[in-house]
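First the structure, in the form of structure tokens, and then the observations on it.
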2 protein chains.
Amino acid sequence: MASILQRRQSLSSQLVAELRALIDKGTFKPGDKIPSENELMTRYSVSRTVVREAISGLRADGLLETRQGVGAFVTRRPKKRLDPFDPQDMQAVLHIIEFRLAFEPEVAGIAAKRRTKADLNDLKAKFDDLHSKSLDANSFVKPDYEFHLAIAKAAHNPYLIQLGEHLGPQIIPHSIIHVLAPEIPEDMSFLKRVRGEHEDIYRAIVDQKPQAARKAMKSHLKNSLALYSQYLDL
Amino acid sequence: MASILQRRQSLSSQLVAELRALIDKGTFKPGDKIPSENELMTRYSVSRTVVREAISGLRADGLLETRQGVGAFVTRRPKKRLDPFDPQDMQAVLHIIEFRLAFEPEVAGIAAKRRTKADLNDLKAKFDDLHSKSLDANSFVKPDYEFHLAIAKAAHNPYLIQLGEHLGPQIIPHSIIHVLAPEIPEDMSFLKRVRGEHEDIYRAIVDQKPQAARKAMKSHLKNSLALYSQYLDL
DNA sequence: ACATATTATAATGTCGTACAAGTTGACAAT
DNA sequence: ATTGTCAACTTGTACGACATTATAATATGT
């Protein structure tokens with residue numbers, strides 16, 4: 001029997017995609033029992049190994065639940081997993097900055113209120129590292145991210161920390177900008193301004209001035225947004 | 001040979017936990033090659049099926065990558081998957097409200113600026129639904145969530161929408177509050193006040209008043225925070 | 001001696017069969 | 001009508017075999 005599946009990617013991963021599509025399309029609705037392994041074997045002309053690996057993958061993804069002796073069921077409330085933040089174009093970069101603009105100012109404010117001395121040590125280390133590399137466009141991305149993450153940690157809200165960790169260094173525009181638009185010059189004055197902004201944020205948190213921290217973070221991100229907005233038409 | 005594993009959960013899921021622990025502990029560091037399937041078989045006295053299912057699960061989780069003919073490797077940048085928002089205690093409920101307080105006001109502001117007529121239709125439908133059920137403590141959770149999600153959609157930022165979808169109805173305090181603290185009375189005056197707050201938010205977005213929308217959302221969540229803070233010592 | 005095929009080896013990918021364990025429903029016995 | 005037993009089906013586990021791919025060792029030709 002001619003299988004629908006091609007032999008380029010692994011069969012199981014193809015079957016994963018196929019089943020995922022069927023679930024997305026609504027052929028298998030939440031709560032439904034999907035066909036048994038035997039039936040899937042014959043339907044797609046693959047071995048039980050492949051079927052089981054596929055189901056195993058979807059289960060790890062939270063889309064399926066299996067019960068021995070009964071069958072595999074589509075999860076009733078599939079966990080919408082947050083896609084990784086991989087900006088592919090300029091529009092996405094701007095959306096990410098806007099996203100950060102929505103909550104990072106408040107995070108900085110909370111951090112200014114709540115930071116402990118231990119937080120301050122960590123924050124100082126990250127800030128110093130960033131400061132020393134902030135004029136090197138090739139190596140300041142990671143320290144930049146670490147600095148912002150340290151602020152989230154100083155806010156002592158586990159959900160904010162998790163979000164920060166999930167975002168990852170990709171949210172720093174420069175991690176992608178030179179790929180999307182290599183013609184943008186590495187403007188030294190721009191880098192110096194950013195360094196000053198980071199310092200404003202840092203000082204406000206050290207001095208426990210929530211309002212100033214919010215304002216500094218907001219201004220920092222708004223400048224970033226304005227800078228990259230120029231190149232939207234790329 | 002006596003296996004380390006107990007026979008209560010499935011062998012593969014136990015092995016998943018074991019390997020995940022080894023990775024977390026640092027025995028296998030990012031980029032490292034983990035032992036071959038053959039070696040894992042003998043080490044844990046399980047069949048290759050179990051080993052492969054375990055690896056398959058970890059791969060779907062983004063912790064492992066396999067290359068045929070080479071081996072399985074710990075992902076270099078493991079995707080920090082955002083845990084589902086399942087508040088287990090009062091402290092978590094407050095953290096979630098604080099989390100929402102950090103970004104929802106700005107979302108409302110953006111929505112007020114950017115909402116289209118189509119958004120308005122959707123928003124009105126959700127608001128009317130919520131309004132009609134807002135005095136029934138048992139059935140207003142979902143409409144409440146849908147209303148807030150509609151606002152995120154009106155902001156037209158895909159990342160904000162994704163975050164809203166990921167959060168899910170669990171972020172509405174009442175979805176969990178009666179379980180954690182059933183002694184909290186269903187105060188009608190409180191429900192009426194919330195209804196008024198929702199209306200303020202809705203009006204501001206309809207009238208395209210970003211500042212008012214931000215303020216209304218902020219006030220709404222702050223009231224919520226204040227209300228539940230009373231019961232923190234539960 | 002060096003560069004290039006060839007081969008050997010080891011690892012994951014796929015297949016088939018068999019049995020274990022859990023669930024469900026039918027059916028008979030009481 | 002309730003209970004007990006059994007049969008059929010489904011997922012979980014095990015084992016053995018071969019296919020496919022990548023790496024390293026070896027052989028070969030110049």
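Here is how names work: the chains are called A, B, and so on, in the same order as the sequence lines, proteins then strands, and each is numbered from 1.
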Give every pair of a protein N or O atom and an N or O atom of nucleotides 8-12 of chain D that lie under 3.5 Å apart, one pair per line with the distance.
from	atom 1	to	atom 2	distance (Å)
D:dT10	O2	A:G69	N	3.3
D:dT11	OP2	A:E37	N	3.0
D:dT11	O4'	A:G69	N	3.4
D:dT11	O2	A:Q68	OE1	3.4
D:dG12	OP1	A:T66	OG1	3.1
D:dG12	OP2	A:R52	NH1	3.1
D:dG12	OP2	A:R52	NH2	3.2
D:dG12	O4'	A:Q68	OE1	3.2
D:dG12	N7	A:R48	NH2	2.8
D:dG12	O6	A:R48	NH1	3.1

| said: Expressed as a whole number of angstroms, how long is the span from B:M41:CE to C:dA11:C1'? | reply: 13 Å

| said: Which residues pass the side chain to side chain contact (heavy atoms under 4.5 Å, CB included) test with B:S132, not counting sequence neighbours? | reply: B:D129

| said: Whether A:S47 contacts C:dT14 is assessed here as follows: a side-chain N or O lying under 4.0 Å from the phosphate OP1 or OP2. Is that the case? | reply: no

| What pairs with B:R59 under side chain to side chain contact (heavy atoms under 4.5 Å, CB included), at least two apart in sequence or on another chain? | A:E53, B:S56, B:T66

| query | Who passes side chain to side chain contact (heavy atoms under 4.5 Å, CB included) against A:N121, sequence neighbours left out? | reply | none

| query | In chain order, what residues pass the salt bridge (charged side-chain N to carboxylate O under 4.0 Å, His left out) check against B:E39, with sequence neighbours excluded? | reply | B:R43

| side chain to side chain contact (heavy atoms under 4.5 Å, CB included) involving B:E106 - partner list, sequence neighbours excluded | A:A102, B:I110, B:R214

| note | When rounded to whole Å, the CG to P distance for the pair B:L40 and D:dA14 reads 14 Å

